[in-house]
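Chain letters run A, B, ... following the sequence lines, proteins first, then strands; residues in each count from 1.
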2 protein chains.
Amino acid sequence: MATIKDVAQLAGVSFATVSYVLNDSMPVSEATRNKVLAAVTKLGYQPHRQGRNLQRQRTLTIGVLLPQANLLCEVDLATWLLEATNAATSAGYSLLLQPADSQARGDLADGWISFGTPLDPQLPQVWALAPPFDQPAVLCDAAFAAQRAVETLTHSGMRRIGLITLPRSIPGSARWYLGYRRALRRAGLGFDPGLVVEPAANRFHDGVAAYETLAASENDYDGLIVCGHQLATGVVMVDHAKVPVIVSHSSSQRGISGFRWPTELWAHTLVRKLLQQLDGAAIAHRTWLNPSLVIGSLGFKEDLDGFNYV
Amino acid sequence: MATIKDVAQLAGVSFATVSYVLNDSMPVSEATRNKVLAAVTKLGYQPHRQGRNLQRQRTLTIGVLLPQANLLCEVDLATWLLEATNAATSAGYSLLLQPADSQARGDLADGWISFGTPLDPQLPQVWALAPPFDQPAVLCDAAFAAQRAVETLTHSGMRRIGLITLPRSIPGSARWYLGYRRALRRAGLGFDPGLVVEPAANRFHDGVAAYETLAASENDYDGLIVCGHQLATGVVMVDHAKVPVIVSHSSSQRGISGFRWPTELWAHTLVRKLLQQLDGAAIAHRTWLNPSLVIGSLGFKEDLDGFNYV
DNA sequence: CTCATCTATTTAAACGTTTAAATGAAGTAT
DNA sequence: ATACTTCATTTAAACGTTTAAATAGATGAG
């Protein structure tokens, strides 16, 4: 691998000059600049990160804290990571994965991000890994989704809207509930606790059970909202299609409305904001991103292409 | 952050001695060793990676090449990454994410890994990102899964086993087919092309369509194998439970047999092998890991805990 | 023609480590 | 006692950069 000295030698200048050209941190005559650039391209020189970092005290790396249990309910972590990687790479950075429960040196990366819903004050401390770092919070708003779902149903004349929530042990579950309550209030509808079912866990059969509980109760409902991918799958499989159903994720169920979560936008925004922050810019403490409702779609990716993120 | 010089000063020795203690690369008297270690713990010193790497030419980093499209069909990429991170961290390494189509300096990491099925020679070049590096190949064997599924059915007396494959555009699909054919041959059963359906794509409704195609044909089958999570979900939803069904992933369907893929083992093995290779050990070029069949399980994680990886 | 000013370039120190080579202090053989 | 080992420790160079400070060369004013 070519070093800066190789370039300097080939160009017939000192290696400091090469550095000045590459970072244009000092004025350099046009002639030498050209010589240097020629040498750089000829040798295919790329600066050595470790060396540069040592002096600059910048690692050109963004750390990602990975919790052992995936606390993300709304988006696919793999896609999130891929998009974050893309965003970082196009800014010349790399992503470094680190278990959230490990204690690595903080200066292993220039900045750290994690994801997930910050704690709702009402909830017990589940997100035990409360970021000790000052990461720019970019969040996808489940409350918005819930609200939008309720609005959609009420606009179609529904008045008694059931909710199968996420179990409260899951961070972010409260936001679903919050949005639901808020939307009801705004629509001037009363809140009936009998219409809300909280499953034991976020699994397929819990969704089935929750649905059956709701159906067996004397509470009649004319619309239903289901939170959580697993739960929704269960519900949809036993659903009798009596009332409109809106699930948290438009995935692979026919004719069911669901949300598309702006994973790419989320990851890109978070990375971009962090980089801005590293450059010393004061950034908004929180940015909310909203999912978009895909009405009665078949739910396949192709069907959603036309939709814009909010 | 404390540097090695701080430690040396506190311990009253030269910083070379500190280095020798920490790496025990030179004999050090018990007395000084203790002084140094005391200073280390007192200051909470951790060696600075960048500095160390510069000299050692080791980054203590493992690069992960991330393809833009997730080519993994059998395991969850997020879990894979998490486990790889854990494995790397416990060996003192970190994981660095890099888009497979980017051209970063190779020495950004000590070694590179990627995942996915290597090309079956029969297949067109879909895994366009053929690893240019000499990564230790650790692979989960879909052929084994297919074979095992057929064996399980034949042992129960089935003779005409249907197969809903993955579309051939998906890398690894060929291995399913391969295992199916091999097992039939070994069981002394003939191959009936009419029993094999290749869906157009790997989506929910393609599974439904494939199932209906098979059911509508005059080919009667007494057992069915379905490859792919999405496809299987579709099939299971419309299945009439006439014959035993084995799907590629035991996920969230009641009473259906499926496979558990050794994601953690895979990631750990791959990382470990890479590290061994970095240490100069000659390692097996390929290691196959086998998924384990979970018979008629409810498919929830709890049900699988008793199972051992093969 | 000399001195000061400005600009382009080089020299050298620094970043935090590792490690080869040099040093020093013992101990053992002559 | 002197020289040769052996062992523990220190000195200093090296890794690939950036950057402050020094230098050289040209330009302009007096």
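What separates CG of A:Leu43 from C1' of D:dG16 is a distance of 15 Å, to the nearest Å. Atom CG in A:Leu54 sits about 13 Å away from atom C1' in C:dT18, given to the nearest Å. Between the NZ atom of A:Lys5 and the P atom of D:dC15 there is a distance of 6 Å, rounded to whole Å. In this structure, B:Asn23 atom CG and C:dT19 atom P are separated by 7 Å, rounded to whole Å.
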From CA spacing to verdict: side chain to side chain donor-acceptor pair (under 3.5 Å), B:Thr59, A:Arg49: CA-CA 10 Å; B:Thr59 60; A:Arg49 275 229 194 138; over 6 Å; no

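Between B:Asn23 and B:Arg52, the closest side-chain pair of non-hydrogen atoms falls below 4.5 Å. In this structure, A:Pro262 and A:Cys140 have side chains that are in contact, with non-hydrogen atoms separated by less than 4.5 Å. In this structure the side chain of A:Gln68 reaches within 4.5 angstrom of the side chain of B:Leu82, judged on heavy atoms.
Under the 30°/60° scheme for interplanar angles, the aromatic rings of A:His249 and A:Trp261 are found to be tilted.
Nucleic acid contact class of B:Ser19 (heavy atoms, under 4.0 Å, all strands): base. At the heavy-atom level, B:Gln46 lies under 4.0 Å from the strands shown only through sugar-phosphate atoms. Using a 4.0 Å heavy-atom criterion, one finds that B:Thr32 contacts the sugar-phosphate atoms exclusively. Residue B:Asn53 is out of contact with every strand shown, counting any heavy-atom pair closer than 4.0 Å.
Side-chain atoms of A:Thr41 come within 3.5 Å of backbone N or O of A:Leu37 as a donor-acceptor pair.
With sequence neighbours left out, A:Asp110 forms a salt bridge (Lys or Arg N to Asp or Glu O under 4.0 Å) with no residue at all.
Of the side-chain N and O atoms in A:Ser29, one or more sit less than 4.0 angstrom from OP1 or OP2 of C:dT9. One finds no side-chain N or O of B:Arg52 lying less than 4.0 angstrom from the OP1 or OP2 phosphate oxygen of C:dG16.
Taking the side chain of B:Arg56 as heavy atoms from C-beta on, and the options C:dG16, D:dT17, C:dT19, the nearest nucleotide is C:dT19.
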If you restrict it to nitrogen or oxygen atoms, what contacts under 3.5 Å exist between nucleotides 11-14 of chain C and the protein, and what is each distance?
residue : atom : partner : partner atom : Å
C:dA14  : N3   : A:Gln55 : OE1          : 3.2

